[in-house]
Amino acid sequence: MQQRSEGNHALREGVLAWYSLHQRGLPWRATQDPYAILVSEVMLQQTQVSRVIPKYDEFLGRFPDLSSLAAAPTGEVIRAWSPLGYNRRAVRLQGAARQVMAEHGGKLPRGVEALRRLRGVGPYTASAVACFAFGQQVAVVDTNVRRVLGRALLGETRPPPQQVDRLAAEALPLGRAADWNQALMDIGATVCAVRQPRCQQCPVQPSCWWAANGQSQAALVVDARALAERRAAYRTQPPFKGSSRYYRGRIVERLRRREGNRGVPLAELGMAIKEGFAPQDTPWLETLLQGLEQDGLVRRDGERVRLP
DNA sequence: AAGCCGGGGGT
DNA sequence: ACCCCAGGCTT
């Protein structure tokens, strides 16, 4: 059994009370279906809630369960994923569905360790599904939670992840894990923002180290330096448009507009995604396609390129 | 440890 | 126009 800390009692009560009043009404909190919850958690990897909401019901309508997702052509899954981005997630999500069909009799495993072995499921997603779908009493730690607990218990906005994992496990109110984890994420998203935190409205504030120290002079200096470093890095970066990442997106986008399922000839694809595409650009395009093929996002078929 | 992977949206 | 966002996998 994990260690408990009496000092966290007030913190727990305050957070849970706040959550009962201020929780966000999110579609994936209104379902008990483990598959639907898995879909939401994968969509929420690197993607804001506001962008997932309009896509969520549509995707579930198209792929209502694990077996329909597993059985679909991968290209259809990639189409249904637009415009969420990070398209590899769509391929991996289907891979996970196929794993579950093949290895788990079509039922998602309930434990963190088994979930963790599914394609595209890392520490965050595994604990999120275990907790929200199966009621496992485990901590769910994303960057929001890391920031909230880091500030409250350590006085640091960007604390060492391992240290936070330990604190999160200690702070977990057994029996209320799901509400607690969702509450911390809501607080991180709506109150304990990276900049301009609204400490006056924060249920953690009474026991928050960071707020108590006037949001710590040292922390502000560190944050300011980090901000300056990010700005410098941004300036020296080439613009997104024209990056290989940009053109990868254009290729997938072009292939999504089907043509039956016949795909697009290589040269035509080049012209479709890049103005002034010339024969000498072919090796560049080939390189992009090889990467996309490796990720399972594209299939080469002689001269033609299509979704898998 | 570091780099890759897309988009939309706030300011 | 600039800047932010933040999990999983590969190398």
Side-chain angles (χ1 to χ4, degrees), chain A residues 37-56 59 77-96 99 112 115-132 139-150 157-162 164-165 168 181 184-185 188-190 192-197 223-224 226-256 273 287-298:
Chain A
I37 290 170
L38 172 66
V39 169
S40 76
E41 293 302 343
V42 174
M43 286 183 172
L44 288 163
Q45 295 169 1
Q46 325 297 264
T47 305
Q48 297 91 325
V49 165
S50 61
R51 292 186 51 214
V52 171
I53 285 175
K55 204 64 212 177
Y56 182 63
F59 188 93
V77 182
I78 295 169
R79 285 195 177 94
W81 198 254
S82 174
L84 290 174
Y86 291 104
N87 298 304
R88 289 189 294 196
R89 290 183 298 169
V91 177
R92 289 176 183 157
L93 177 60
Q94 186 187 38
Q99 272 181 278
V112 171
L115 287 164
R116 181 67 185 75
R117 287 181 220 116
L118 300 176
R119 293 275 293 161
V121 176
Y124 166 76
T125 307
S127 56
V129 172
C131 181
F132 303 143
V140 179
V141 183
D142 69 353
T143 59
N144 281 320
V145 174
R146 256 192 292 279
R147 182 176 61 255
V148 174
L149 292 182
T157 293
R158 294 161 58 197
Q162 262 194 319
V164 177
D165 285 349
N181 289 320
L184 290 183
M185 290 194 275
T190 65
C192 190
V194 177
R195 282 175 296 283
Q196 302 174 334
D223 285 353
L227 184 63
E229 284 167 6
R230 278 198 298 279
R231 260 202 270 271
Y234 183 87
R235 265 197 299 274
T236 58
Q237 271 172 14
F240 175 66
K241 221 171 167 168
S243 65
S244 64
R245 190 175 190 167
Y246 170 79
Y247 282 113
R248 277 176 59 106
R250 300 287 65 70
I251 290 170
V252 174
E253 179 55 38
R254 177 64 187 82
L255 295 179
R256 271 197 276 243
I273 65 164
T287 303
L288 289 177
L289 290 173
Q290 277 174 29
L292 286 163
E293 197 168 18
Q294 195 122 27
D295 291 339
L297 286 160
V298 148

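Chain naming here is simple, since letters A, B, ... match the order of the sequence lines and numbering starts at 1 in each.
Within the model, atoms CG of A:Leu93 and CD of A:Gln45 stand 9.0 Å from one another, a figure rounded to the nearest 0.5 Å. The structure places CG of A:Asp295 at 4.5 Å from CZ of A:Arg248, a figure rounded to the nearest 0.5 Å.
Between A:Val140 and A:Phe132 the shortest side-chain heavy-atom distance falls below 4.5 Å. Using a 4.5 Å heavy-atom cutoff, the side chains of A:Leu38 and A:Leu115 are not in contact. Contact check for A:Val91 versus A:Val77: no side-chain heavy atoms found under the 4.5 Å cut-off.
Of the possible donor and acceptor atoms, one in the side chain of A:Arg256 sits under 3.5 Å from a partner among the backbone N and O of A:Ile78. Of the possible donor and acceptor atoms, one in the side chain of A:Arg89 sits under 3.5 Å from a partner among the backbone N and O of A:Met43. Side chain of A:Ser127 to main chain of A:Tyr124: a donor-acceptor pair is present (N/O by atom type, distance under 3.5 Å, no hydrogens or angles). In this structure a side-chain-to-backbone donor-acceptor pair under 3.5 Å is missing from A:Arg147 to A:Arg158.
The gap from the C1' atom of C:dT10 to that of B:dG7 amounts to 22 Å, rounded to the nearest Å. Atom P of C:dC9 sits at a distance of 25 Å from the matching atom of B:dG8, rounded to the whole Å. For the P atoms, the distance from C:dG8 to B:dG9 is 24 Å, rounded to whole Å. Taking atom P on both nucleotides, B:dG6 is separated from C:dC2 by 23 Å, rounded to a whole Å. Taking atom C1' on both nucleotides, B:dG10 is separated from C:dG7 by 22 Å, rounded to a whole Å. Comparing the P positions of B:dC5 and C:dC3 gives a spacing of 22 Å, expressed to the nearest Å.
Residue A:Pro83 has its side chain nearest to B:dG7 when only B:dG6, B:dG7, C:dG8 are considered. For A:Thr125, the listed nucleotide lying nearest its side chain is C:dG8; candidates were B:dC5, C:dG8, B:dG8. Nearest to the side-chain atoms of A:Tyr124 among the listed nucleotides B:dG7, C:dC5, C:dG8 stands C:dG8. Closest approach to the A:Asn144 side chain among B:dG7, C:dA6, C:dG7 is made by C:dA6 (side chain taken as heavy atoms from C-beta onward).
A donor-acceptor contact under 3.5 Å is formed by the side chain of A:Arg245 with the base of B:dG6. Scanning atom types as modelled, no donor and acceptor separated by under 3.5 angstrom connect the side chain of A:Gln46 and the base of C:dC5.
Between the CD1 atom of A:Ile78 and the C1' atom of B:dG7 there is a distance of 16 Å, rounded to whole Å. B:dG6 atom C1' lies 18 Å from atom CZ of A:Arg79, rounded to whole Å. Distance OH (A:Tyr247) to P (B:dC5): 15 Å, rounded to an integer number of Å. Computed from coordinates, the A:Arg158 CZ to C:dA6 P distance equals 13 Å when rounded to whole Å. Going from atom CE of A:Met43 over to atom C1' of C:dG8 covers 17 Å, rounded to whole Å. Atom CG of A:Leu84 and atom P of B:dC5 are 18 Å apart (whole Å). Taking atom CD1 of A:Ile251 as the reference point, atom C1' of B:dC5 lies 14 Å away to the nearest angstrom. What separates CD of A:Gln48 from P of B:dG7 is a distance of 13 Å, to the nearest Å.
When the shell of 6.0 Å around CZ of A:Arg119 is examined, it contains 12 or fewer heavy atoms from other residues, nucleotides or ligands.
Here A:Asp295 lies out of heavy-atom contact (under 4.0 Å) with every strand. Counting any heavy atom pair closer than 4.0 Å across all strands shown, A:Tyr86 reaches a base atom. No contact: A:Arg117 has no heavy atom under 4.0 Å from any strand. Using a 4.0 Å heavy-atom criterion, one finds that A:Arg89 contacts no nucleic acid atom at all. As judged by a 4.0 angstrom heavy-atom cut-off over every strand, A:Leu44 is placed among residues making no nucleic acid contact.
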(request) Start with the C-alpha gap between A:Leu289 and A:Ile251, add the side-chain angles, then the distance that decides, and say whether side chain to side chain contact (heavy atoms under 4.5 Å, CB included) holds. (result) CA-CA 8 Å; A:Leu289 290 173; A:Ile251 290 170; 4.0 Å; yes
Short N/O separations, protein against nucleotides 9-11 of chain C, under 3.5 angstrom:
residue : atom : partner  : partner atom : Å
C:dC9   : OP1  : A:Gly120 : N            : 2.7

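Phosphate proximity of B:dG7 to A:Arg250: present, with a side-chain N or O under 4.0 Å from OP1 or OP2.
Judged by closest nucleotide on DNA chain B, A:Asn87 is the one of A:Asn87 and A:Ser50 placed further toward the 5' end.
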(message) For Watson-Crick and G-U wobble pairs within 3.5 Å on both distances, what is DNA chain B written in dot-bracket notation, | included for inter-strand pairing?
(response) |||||.|||||
